Trainee: 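Structure below; questions to follow.
Throughout, protein chains are lettered first and strands after them, A, B, ... in sequence-line order, and every chain is numbered starting at 1. Heavy atoms only: backbone and side chains are in, while hydrogens, waters and symmetry mates are out. Small disclaimer: the values here were computed from a predicted structure and weren't measured.
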Amino acid sequence: MRLDNMLLAEGVSGPEKGGASAAAAAVAAAAAGGSPNDGSIEHSDYRAKLTQIRGIYHSELEKYEQACSEFTNHVMNLLREQSRTRPISPKEIERMVGIIHRKFSSIQMQLKQSTCEAVMILRSRFLDARRKRRNFNKQATEVLNEYFYSHLSNPYPSEEAKEELAKKCAITVSQVSNWFGNKRIRYKKNIGKFQEEANLYAVKTAVDAASVSSQASQANSPATPNSGGYPAPCYTPDG
DNA sequence: GAGCATGATTACCG
DNA sequence: CGGTAATCATGCTC
């Protein structure tokens, strides 16, 4: 009866309302392991799908139950008719009913199993954040890149800085951390590839920060990596 | 559709 | 616990 427990836990079987919230709680618990996503939209989406599965499950279950009782009635009638010609013991009737119920419950088991599978697929699809990865918008990456390249000598934002960036970019702090982690490693791995970008943002922040007069005339010379921290492309802020 | 870009996850380290 | 490195899975471009 593992299937029953599983369906109950997922809120597919069991009471209407408590079930749904139980499922949501299960999802929340599973997602709490480190998923940085806010997830309210995903949850409502998940719930909708789960409700759909629930509906199918219950209507099918009802159908089976109805069919079972109909069939049982049918057999009982047959037995009743037969009882005119030969004696039929209550034991025999019981046995027949038992056989019918076993047959139908095995069909129900299949229904439960396929419902379980559907739920599992749904879960894996909705809980695996990688599946619904979205690129950050232009403005967000702009902000992040600006910070990264203006702190190229030490591109490790503090917790507060991360929060600030997260707020600016409308993403979570974990996403900021992920972004910087990825950025650092990828920048280090292939500095050449980021040269252009680095120069761009270096100039941008330079112009932005210090509104000094003309200084953008030297922004296209190739790389001169230094040995400390992270090699800067061609523009070194100071220090 | 192949191939690269990119965000997220995982294993491991200090 | 926060970092790196490798990897996964998807998005995007050609």
Side-chain angles (χ1 to χ4, degrees), chain A residues 9-10 23-50 52-53 116-205 219-220 222-223 225-237 239:
Chain A
E10 288 303 322
V27 174
S35 174
N37 287 336
D38 157 55
S40 54
I41 300 156
E42 287 78 5
H43 283 182
S44 70
D45 215 354
Y46 175 89
R47 282 241 290 278
K49 289 265 201 248
L50 198 65
Q52 203 179 330
I53 291 174
C116 264
E117 274 169 26
V119 171
M120 291 306 265
I121 290 166
L122 184 70
R123 277 189 72 135
S124 69
R125 181 155 300 180
F126 274 83
L127 289 178
D128 189 353
R130 284 192 287 212
R131 284 204 141 84
K132 49 183 162 53
R133 185 193 129 246
R134 295 278 177 276
N135 289 347
F136 299 154
N137 61 38
K138 203 93 176 169
Q139 187 252 344
T141 47
E142 196 117 322
V143 170
L144 293 167
N145 272 318
E146 239 167 69
Y147 188 98
F148 180 80
Y149 287 114
S150 63
H151 298 72
L152 203 55
S153 55
N154 186 35
Y156 298 86
S158 65
E159 202 56 35
E160 294 159 20
K162 282 182 192 171
E163 278 172 30
E164 183 82 20
L165 287 166
K167 193 175 260 182
K168 266 191 192 174
C169 301
I171 59 180
T172 66
V173 174
S174 327
Q175 284 178 303
V176 173
S177 298
N178 284 341
W179 190 92
F180 272 88
N182 283 323
K183 192 71 182 181
R184 281 190 298 263
I185 196 73
R186 282 162 186 165
Y187 179 82
K188 193 164 77 172
K189 243 180 177 171
N190 193 349
I191 297 164
K193 198 154 252 170
F194 292 91
Q195 210 72 74
E196 223 176 314
E197 191 177 70
N199 289 340
L200 188 91
Y201 281 101
V203 170
K204 186 179 279 190
T205 51
N220 55 2
N226 61 28
S227 49
Y230 279 82
C234 73
Y235 170 84
T236 48

Trainee: It should be established whether A:Q175 places a side-chain nitrogen or oxygen under 4.0 Å from OP1 or OP2 of nucleotide B:dA8.
Mentor: yes
Trainee: Please report, rounded to the nearest Å, how far the C1' atom of B:dG7 is from the OH atom of A:Y187.
Mentor: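 After rounding, the reported distance stands at 21 Å.
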Trainee: Start at the 5' end of DNA chain C and walk down; is the nucleotide closest to A:E159 or to A:K189 reached first?
Mentor: A:E159
Trainee: Could A:E146 and A:K168 be called an ion pair, given the rule that one side-chain N must be under 4.0 Å from one carboxylate O?
Mentor: no
Trainee: Could you state the CD1-P distance from A:I185 to B:dA8, rounded to the nearest angstrom?
Mentor: 17 Å
Trainee: Would you mind classifying the nucleic acid contact of A:K183 as base, sugar-phosphate or nothing, using non-hydrogen atoms under 4.0 angstrom?
Mentor: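 Since no nucleic acid heavy atom lies under 4.0 Å of A:K183, the category is nothing.
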Trainee: Roughly, in whole Å, what's the span from CZ in A:R133 to P in B:dC4?
Mentor: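 Roughly 16 Å, once rounded to whole Å.
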Trainee: If you find the nucleotide of DNA chain C closest to A:K162 and the one closest to A:R186, which residue's nucleotide is nearer the 5' end?
Mentor: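 Closer to the 5' end of DNA chain C: A:K162.
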Trainee: Can you list the residues that meet the salt bridge (Lys or Arg N to Asp or Glu O under 4.0 Å) rule with A:E163, with sequence neighbours excluded?
Mentor: none
Trainee: Figure out the CD/C1' separation between A:E197 and B:dC4, and round it to whole Å.
Mentor: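 These atoms are roughly 15 Å apart.
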Trainee: Please determine whether a side-chain nitrogen or oxygen atom of A:R134 lies at a distance below 4.0 Å from atom OP1 or OP2 of C:dG11.
Mentor: yes
Trainee: Please state how far atom CG in A:N135 lies from atom C1' in B:dC4, giving the value in whole angstrom units.
Mentor: 12 Å
Trainee: Tell me the interatomic distance from A:W179, atom CH2, to B:dA5, atom P, rounded to whole angstroms.
Mentor: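 Those two atoms, CH2 and P, are 15 Å apart.
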Trainee: Tell me, with the steps shown, if A:F180 and A:F148 meet side-chain contact (heavy atoms from CB on, under 4.5 Å).
Mentor: CA-CA 8 Å; A:F180 272 88; A:F148 180 80; 4.0 Å; yes
Trainee: Please round to the nearest 0.5 Å and tell me the distance separating atom CD1 of A:I191 and atom NZ of A:K189.
Mentor: 13.0 Å
Trainee: Without decimals, in angstroms, what is the distance between A:N137 CG and B:dA5 P?
Mentor: 20 Å
Trainee: So what does A:N182 touch, heavy atoms closer than 4.0 Å: a base, only the sugar-phosphate, or nothing?
Mentor: base
Trainee: Expressed in angstrom and rounded to an integer, what is the separation of A:N178 atom CG from C:dA5 atom C1'?
Mentor: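 Going from A:N178 (CG) to C:dA5 (C1'), I get 14 Å.
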Trainee: Checking A:E196 now: which residues fulfil salt bridge (Lys or Arg N to Asp or Glu O under 4.0 Å) with it, not counting sequence neighbours?
Mentor: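 Once residues adjacent in sequence are excluded, A:E196 has no partner under the salt bridge (Lys or Arg N to Asp or Glu O under 4.0 Å) criterion.
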